[in-house]
Amino acid sequence: MYSGRRVGYLIAAAVIALLPLIFQDSYWRTNLTVCAITVMLAIGLDFILGYAGQLNLGHCAFYGIGAYASTLLITRLGVPFWIAFACAIALAGAAGMALAMFAVRLRGHYLAIASLAFAVIVHQVLLNWISLTQGPLGIYGIRPPPPIALPGLPVISFANAGNMFYLVAGFALLFYFLLDQILRSPIGEALTAIREDEVSAASFGINCAGWKVFAFGIGSAVAGAAGAFYASLVGTLVPDAFIITESFTILAMVIVGGMGTLLGPVCGAILLTVLPELLRGFGDLRLVLYGAALTLVVLFMPGGMAQAARLIRPRLPGVRAKLLHDRAA
Amino acid sequence: MLAVAVQQAINGVVFGSLYVLVALGLTLIYGVLVQINFAHADIVTIGAFAAYFFTYTLGGNYVASIGVALLIGAALGWLINASIFAPLRERGSELLPLIATIGVSVLLQNAMLLWFGPIPYSFDSPYSNQVIRLPGGTFITLQNLIIIAVSTVTIALLYGFMRFTFMGKALRAVAQDRETAGLMGINPNALIMLTFVIASALAGMGGAMLGPILVLTPFAGTSVIVKAFAIVIIGGFGNVAGTIIAGLLVGLIESYTTQFINPGLTDIVVFTLLLAVLALRPTGLIAEKREENV
Amino acid sequence: MRKTSLCIAVAAIFGLSVATSCAYAQDKLIKIGGLFPMSGPGSYFGVQDKQGIELALAEMNKTGVNGYKFEIQYEDSACGPLPATQAGKRLLDQYKPQIVLGEECSDATLAIMPLMDEAKVPFLNAGSSSIKVTDPGNPWTFRIMPNEVMQGVDIATNAYKRLNARSAVLLYENTNAGIGNAKVFGDTFKSLGGQVLADIGFGRDVNDFTAIATRIAGLGKVDVIPTYTLEGQGLRITQALAQAGVTKGGGGGAIQLGTIWLPFGFEQKAGKAALGYVRIVQFDPTDKRELVQNFIRSFKAKYNQEPTHLNAHAYDQILLIADVVRRGGKDPQSIRDTLAATKDFHGVTGSVEFDKHNQNIRMDTIHYMETLPDLSWQALAWN
């Protein structure tokens with residue numbers, strides 16, 4: 001790994017370590033944890049949309065499947081948290097692959113509508129299968145992950161908002177790292193080829209269908225993990241947390257952050273999660289801003305914040321000096 | 001039992017014809033532009049609110065308010081095409097316009113929320129509670145009758161326009177092959193704008209007629225739009241005849257599911273049908289000769 | 001000599017103002033948190049709750065109680081468990097109230113309860129009917145409104161005995177409160193010998209009720225239709241049932257039964273379709289007690305409209321808090337304990353006495369109203 005990137009990961013880890021020390025109250029720590037969850041959702045969708053080029057409008061369905069799968073396993077069958085967590089990831093991933101296999105021939109708008117229909121069906125099933133999911137009655141009092149007792153150290157309880165943040169943000173960083181590695185491998189090139197021109201990619205011998213299924217599987221698995229954390233963070237689970245507008249929100253984060261980069265959606269997710277909290281006083285104005293941001297970004301800066309960063313970078317004094325110096329050398 | 005079945009058929013046709021109005025707009029846009037306008041639902045909602053305020057605040061005539069909603073819908077269509085689709089068309093991106101319209105939809109819905117508030121408006125037309133008793137114990141409200149009448153006339157006019165007028169033929173030419181149509185002296189951009197305006201006018205009109213039936217909130221259009229998408233696909237993107245049949249079909253499915261199974265399951269039934277159509281006959285249930293890069 | 005008396009006068013004035021400002025500084029504050037729906041389909045609850053609360057606060061703060069003044073901060077819980085959880089956390093963390101009021105919707109209330117429990121802050125509810133709010137016996141949650149069992153058993157029994165109903169169709173929104181209320185009605189009605197012809201639940205996104213009304217019309221003779229839904233959908237249901245000729249408002253024979261969810265003014269929106277609607281309200285404007293009549297007078301003076309039961313039960317929540325402070329409550333724990341010991345509080349909605357699950361068991365908070373042809377209410381003396 002290039003040393004520049006290693007430094008990047010170290011900085012990220014340091015920031016994660018410091019944040020709960022800056023924000024000491026449980027309200028903001030919870031918000032930061034929600035940020036980490038949305039980051040996971042955003043990079044998962046970005047993997048499918050930004051890199052593999054598949055317009056998936058049903059991402060919220062995988063989120064919901066992960067949340068309900070882990071919660072039901074824990075509350076109904078007494079499965080330990082981390083096993084339920086792994087199952088949630090596997091189930092959400094499997095659902096993603098199933099959708100991809102179904103839609104493998106569909107492109108563009110058809111895939112978009114198919115994924116939309118899938119999300120509606122999943123939501124309706126969660127809502128109506130009351131004997132399984134409790135439906136609109138909701139599941140209350142969901143416990144955070146069980147405390148970890150390492151020898152010699154005090155017990156780490158996840159009822160503590162700070163510890164919970166460390167856990168979730170740590171996983172977000174881990175998933176980022178994993179996705180980054182995949183994208184830098186030949187797999188990433190294959191995905192990019194599919195995104196740019198599927199027909200040509202196929203003529204190069206790339207198994208388009210297979211890689212599309214793969215992309216969906218990975219992206220939805222990460223969403224499933226986010227769902228499992230969400231349930232144990234908020235403590236309350238209702239099907240309406242996973243309605244179709246959630247997909248649009250995640251989409252907004254990916255686009256505003258910058259499709260086709262991995263860091264962009266991270267910034268988009270953080271911005272669009274924190275901003276509404278800061279704008280709380282404005283109530284519904286924040287959603288107007290969401291919509292406006294999405295539209296304007298697509299119209300004027302389709303590459304999102306990443307594109308903006310690329311434009312600004314050369315103009316920064318230090319960078320400019322360096323470029324001039326390099327050119328002179 | 002027969003009376004109930006007939007009544008549910010009537011209910012299904014009423015709602016089906018409303019879905020058709022909304023879906024026709026979508027399918028027209030797709031046919032000509034190969035684009036989806038997600039904000040279509042909000043044009044429906046705005047049409048409903050426009051009709052509401054025209055009737056209640058300005059004291060206008062209800063039937064006239066349908067016309068007002070039509071005009072406002074048309075204006076919105078013009079605006080959306082001019083500001084979003086036309087500029088993005090230059091860039092030749094397939095997915096970006098769709099995403100942009102998602103943004104517009106979120107923006108419009110929440111702007112309406114801010115402006116109109118979340119408390120449902122009680123929109124009653126003078127006809128929505130006038131009941132006409134039909135033989136066999138069935139009934140239909142005057143409002144529903146108006147809906148069926150207006151929808152039928154509109155669809156007939158639209159069909160005639162597409163088949164028999166020069167403009168209509170030009171539109172179909174642009175849908176088939178934009179470049180060649182341009183070479184033939186047709187201005188594709190102007191025609192695309194025309195399509196948008198017509199489609200959005202239909203949506204506005206649909207909203208005005210839906211207003212007295214729905215629970216009127218800024219989110220009223222959303223409940224209709226997802227089903228409208230389903231109808232467009234089941235009927236076949238760009239296929240007018242298919243959309244009509246699919247719309248009526250979905251309306252009937254809804255009322256019969258409510259009658260014999262459970263109101264909560266109507267969405268599941270409709271969308272499973274949609275997925276089945278996508279899996280088996282992606283170009284739609286009704287065959288139409290159309291080359292489609294599905 | 002002059003100078004001395006001047007000095008004494010100055011000292012006296014100085015001392016007096018110091019004493020006054022000390023007394024002023026001793027004006028302590030009870031911070032009340034308010035979790036109400038300000039947005040979403042239940043937002044009319046929030047608007048009306050605020051009105052009742054503001055009126056009561058103005059009255060209480062005129063003189064204070066035991067040297068305490070009252071202050072409130074609202075957060076929007078939007079009638080749903082998710083926003084309620086977030087709003088609740090924010091309220092507890094940032095405002096740190098000594099007592100919290102809310103919510104209206106059972107789903108939201110159930111989500112808030114564990115938060116209050118953990119923070120050890122008393123939570124006073126006046127609007128949620130689900131039995132799950134008090135049944136488990138949560139020491140920090142209190143409810144002054146009759147729960148779904150109290151209401152459901154009462155209205156089902158009255159339907160059977162006073163309305164001679166023998167057949168019913170349950171119609172409800174798919175939420176905790178809707179499902180719970182319908183179940184209690186159904187179970188009671190059946191145990192008395194009545195028949196439930198259909199059990200129809202629907203989601204909050206359903207718009208058109210013609211199909212449902214048609215289904216009910218096809219069931220034959222229906223005596224009562226207990227309906228549990230919010231105003232927006234409630235309007236369409238009532239109209240659809242009348243159109244289908246099922247209810248009295250449409251020439252049929254069925255009577256819709258309901259509870260406090262529908263606000264005053266519903267009839268004016270629904271029109272003559274609402275004829276014959278019988279429902280439980282928490283407030284009887286024809287109640288002759290001076291407390292009630294004063295409330296109506298001051299509400300009309302302040303807001304220029306008639307108070308609804310939503311205004312009334314919010315008003316009572318503040319009155320009850322004031323009563324608790326008068327009896328010595330001043331911090332979360334003592335407020336909780338004093339609340340639990342309430343045996344004979346009288347508010348505009350009725351009286352309050354909490355049982356060991358902190359549920360108010362006085363039945364005089366249940367008032368029945370019937371809609372007349374001129375769309376006004378007639379109080380039925382069923383309780």
Side-chain angles (χ1 to χ4, degrees), chain B residues 1-12 14-15 18 110 113-114 117-124 128-133 137-144 210 212-217 219-224 226 251-252 254-267, chain C residues 37-48 76 78-79 171 173-174 198-220 229-240 242-246 249-251 263 265-266 268-273:
Chain B
M1 200 55 190
L2 181 64
V4 168
V6 171
Q7 183 62 51
Q8 293 292 24
I10 296 177
N11 298 337
V14 170
F15 242 75
L18 275 168
N110 289 288
L113 197 60
L114 273 178
I119 302 183
Y121 284 73
S122 157
F123 186 179
D124 282 324
S128 54
N129 279 313
Q130 283 190 27
V131 178
I132 304 174
R133 303 261 164 231
T138 54
F139 70 96
I140 189 167
T141 63
L142 204 49
Q143 176 79 16
N144 292 348
L210 272 167
I213 298 187
L214 295 180
V215 180
L216 186 56
T217 68
F219 301 105
T222 336
S223 60
V224 185
V226 195
L252 288 169
E254 280 200 340
S255 32
Y256 281 113
T257 310
T258 304
Q259 176 66 37
F260 294 112
I261 314 178
N262 189 318
L265 296 179
T266 56
D267 277 357
Chain C
M38 308 292 182
S39 63
S43 50
Y44 58 89
F45 287 134
V47 167
Q48 299 192 11
D76 179 11
C79 194
L171 202 52
E173 64 165 24
N174 276 337
D199 185 322
I200 303 176
F202 51 85
R204 282 213 179 139
D205 55 348
V206 172
N207 268 308
D208 177 54
F209 293 92
T210 322
I212 293 179
T214 304
R215 181 171 159 184
I216 297 177
L219 291 171
T229 175
L230 295 174
E231 184 191 22
Q233 290 178 305
L235 270 173
R236 292 305 179 209
I237 290 177
T238 301
Q239 289 176 332
Q243 286 165 12
V246 172
F266 170 78
Q268 283 63 31
K269 289 186 187 173
K272 60 177 170 49

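No hydrogens, no waters, no symmetry mates; every other heavy atom, side chains included, goes into these values. Order of the sequence lines fixes the chain letters, A, B, ..., with proteins taken first and strands second; residue numbering starts at 1 for each chain.
- In this structure, chain C has a heavy atom under 4.5 Å from the side chain of B/F15, while its backbone stays farther away.
- The two atoms that bring B/Q259 and C/T214 nearest to each other are OE1-C, 4.2 Å, heavy atoms only.
- Contact count versus chain B (heavy atoms, under 4.5 Å) is highest, among C/A244, C/A198, C/G203, for C/A244.
- The one candidate from B/N11, B/I140, B/T141 that meets the side-chain contact (heavy atoms from CB on, under 4.5 Å) condition with C/T210 is B/N11.
- Counting all heavy atoms, side chain and backbone alike, C/R215 lies closest to B/Q8 at N-NE2, 3.9 Å.
- Rounded to the nearest 0.5 angstrom, B/D124 CG and C/L235 CG are separated by 8.0 Å.
- Annotation: maximal heavy-atom pairing with chain B below 4.5 Å, among C/Q233, C/K272, C/R236, C/K269, occurs at C/R236.
- Considering every non-hydrogen atom in both C/G201 and B/P263, the closest pair reads O-CG, 3.8 Å.
- With a 4.5 angstrom heavy-atom cutoff, B/V131 touches chain C only via side-chain atoms.
- Here the shortest heavy-atom pairing between C/G218 and B/V4 reads CA-CG2, 3.4 Å.
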